[in-house]
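Have a look at the structure below before the remarks.
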Amino acid sequence: MTSREITYLDLTPRAPFDFEGTVRSHGWVLLPPNVWNADRRTWTRIERLRSGNVVQLEIAGAGSVAQPRIQITAQSARPLSAEERAEILTAVGWMLRADEDFSAFYALCRERGEPWIRATQGLGRLLRSPTLFEDVVKTICTTNIKWSGTQRMVTRLVEHLGAPFPGEPGQRAFPTPEAIAAATPERLRAEIRLGYRAPFIHTLAVQVAGGSLDLEAWRDPALPTPVVKRHLLAIKGVGAYAAASLLMLLGRYDDIARDTVFRDFVSAKYFDGQTPPEVEARALYDAWGPWKFLAYWFDLWSYYEP
DNA sequence: TTCCAGGGGTAGA
DNA sequence: TCTACCCATGGA
C-alpha cells in the first residue's frame with residue numbers, strides 16, 4: 001500500500017448551487033476519469049497536475065442550495081504545494097462552474113414557469129472538464145456513434161494513455177496532449193479503437209502539445225462568441241454540432257446543437273411527431289436570447305424525466 | 001447481413 | 001451554400 005497524503009480543500013460556489021444536480025447534469029460524469037459514487041453522493045476523479053503529481057480528488061457538496069460549499073479531499077503520494085492546491089481549486093471551480101452567474105437565466109425561468117422554474121434551485125451548470133482539450137476530445141468521441149461507443153473510446157484513452165494514480169494503476173487521469181501526441185495514429189486506431197477519429201484527435205494533440213494551438217486561451221470570456229466558434233470549427237473533426245456543444249461547455253448558450261436528440265425531441269413535443277422545417281424548430285427558443293441552449297436543455301430533461 | 005449512431009470532411013456543383 | 005459520398009466501429 002502506497003502511503004498517502006490527504007489534503008482537504010474547500011470552495012464556496014455562487015448561490016444557488018445544486019451539487020448533485022450539477023455533477024449529474026449530463027453524460028460527462030459517466031466518462032472516465034469521472035466517477036459518480038452513488039452510495040456516498042460524491043464525485044471522484046484522478047487528476048494529473050502541471051507538476052506531474054497525480055492526485056485523486058473526491059468532491060462532495062455540503063451546506064444547502066442557498067448556502068453551498070464544495071469539499072475536496074485530495075489524496076497524493078507526496079504533500080501538495082501551494083501551487084498544486086490552487087490548481088486543484090481552480091480546476092474544480094471551473095468544472096462545476098462555481099462562479100458562473102445564472103441570475104438572468106433564472107429570472108427568465110421564473111417568468112416562463114414550468115418546467116424551467118425548477119432550474120432556479122441551483123441548476124443550469126453543466127459539468128465540464130478541467131481543460132478544453134479534454135472536452136474537445138470527448139466531444140469528437142460523441143460524433144456519429146452511440147453513447148456506448150463514446151464510453152468505450154474514452155475509457156480506452158484513459159486506460160491506455162492516462163497517467164496512473166501512484167499505487168493504483170487501474171485509476172488513471174485523462175491523457176495529456178503530449179501522451180496522445182506520442183502515440184501514433186495507427187495505435188489510436190488499432191488499440192484505442194478511435195476509428196476514423198484517430199487522425200483528428202492525434203493532429204489536435206500534436207498541435208496542442210507542440211504549442212501551435214492554444215485551446216485554453218479560448219476560455220477567455222472576453223472573446224466574442226463568433227470568434228470562438230470559428231476557431232472551434234477549424235478543428236478537424238469538429239463541425240456544427242460539436243462546436244455548439246463546446247460553446248455550451250464554455251458557458252456560451254446562444255447556439256443550440258441541432259443534433260438528432262434535438263430534432264427528435266422538438267418533433268415529439270411541439271410538432272406532433274412530424275419533422276418541422278429547420279426555421280420553425282430554431283424559432284422555438286428564440287425568446288431566450290443568450291440562454292437558448294439552457295432553455296432547450298431543461299425542456300428536454302423535463303419532457304423525458306417529468 | 002444490413003443498418004446506423006447525439007457527424008464531419010471533401011469534392012463538385 | 002448545398003449536396004452526394006465516404007469514413008471506422010460495434011451493437012441491434
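Per chain, numbering begins at 1; letters A, B, ... match sequence-line order.
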Spacing of A:Gln151 atom CD relative to C:dG10 atom C1', expressed in whole Å: 14 Å

Among the nucleotides B:dG6, C:dT9, C:dA8, whichever has the atom closest to the side chain of A:Trp147 is B:dG6

Measure from the side chain of A:Ala242, starting at C-beta and using heavy atoms only, and say which of B:dG8, C:dT9, C:dA8 lies closest. B:dG8

State whether A:Arg189 and A:Glu186 are salt-bridged, where the test is any N-O pair (Lys NZ or Arg NE/NH1/NH2 against Asp/Glu carboxylate O) under 4.0 Å. no

Please give the distance between the P atoms of B:dC3 and C:dC6 as a whole number of Å. 14 Å

Between CZ of A:Phe265 and C1' of B:dG6 the distance, given in whole Å, is 15 Å

In whole Å, what is the span from the CG atom of A:Leu188 to the P atom of C:dA8? 14 Å

Does A:Arg197 make a side-chain N or O approach to OP1 or OP2 of C:dA8 shorter than 4.0 Å? no

On DNA chain B, compare the nucleotides closest to A:Leu233 and A:His26; which residue's is nearer the 5' end? A:His26

May I ask you to say what A:Gly237 touches in the nucleic acid, namely base, sugar-phosphate or nothing, with a heavy-atom cut-off under 4.0 Å? sugar-phosphate

Would you say A:Leu294 ends up clustered with A:Leu127 if hydrophobic residues are merged whenever their side chains have heavy atoms under 4.5 Å apart, either directly or through other cluster members? yes

Which nucleotide wins on minimum distance to the side chain of A:Tyr196, given the candidates C:dG10, B:dG9, C:dA8? C:dA8

If you assign A:Pro199 and A:Ser148 each to the DNA chain C nucleotide with the nearest heavy atom, which residue ends up on the more 5' nucleotide? A:Pro199

Give a yes or no on whether the backbone of A:Val29 and the side-chain of A:Arg24 come within a donor-acceptor separation of less than 3.5 Å. no

Is any NZ, NE, NH1 or NH2 atom of the basic residue among A:Glu100 and A:Arg125 found under 4.0 Å from an Asp or Glu carboxylate oxygen of the other? no

Say you pick atom P in B:dG8 and the same atom in C:dG11; how far apart are they, in whole Å? 23 Å

Starting at CD1 of A:Ile192 and ending at P of C:dA8, how long is that distance when rounded to a whole Å? 17 Å

Measuring from the side chain of A:Lys146 (C-beta onward, heavy atoms only), which nucleotide among B:dG8, B:dG7, C:dG11 has the closest atom? C:dG11

Hey, quick one: are A:Ile117 and A:Trp288 part of the same hydrophobic cluster, counting side-chain heavy atoms closer than 4.5 Å, chains of contacts allowed? no

Using the P atom on both, measure B:dG6 against C:dT3 and round to a whole Å. 23 Å

Between A:Trp297 and A:Lys236, the residue closer to the 5' end of DNA chain B by nearest nucleotide is A:Trp297

Between CD1 of A:Ile145 and C1' of C:dA12 the distance, given in whole Å, is 14 Å

When you check the phosphate oxygens OP1 and OP2 of C:dA8, does a side-chain N or O of A:Arg189 lie under 4.0 Å from one of them? yes

Between C:dG10 atom P and A:Leu194 atom CG, what is the distance in whole Å? 11 Å

Are any side-chain N or O atoms of A:Glu134 and backbone N or O atoms of A:Thr131, one a donor and one an acceptor, separated by less than 3.5 Å? no

Provide, to the nearest angstrom, the distance between the OH atom belonging to A:Tyr303 and the P atom belonging to B:dG6. 18 Å

Nearest-angstrom distance from the residue atom CG of A:Leu232 to P of B:dG7: 18 Å

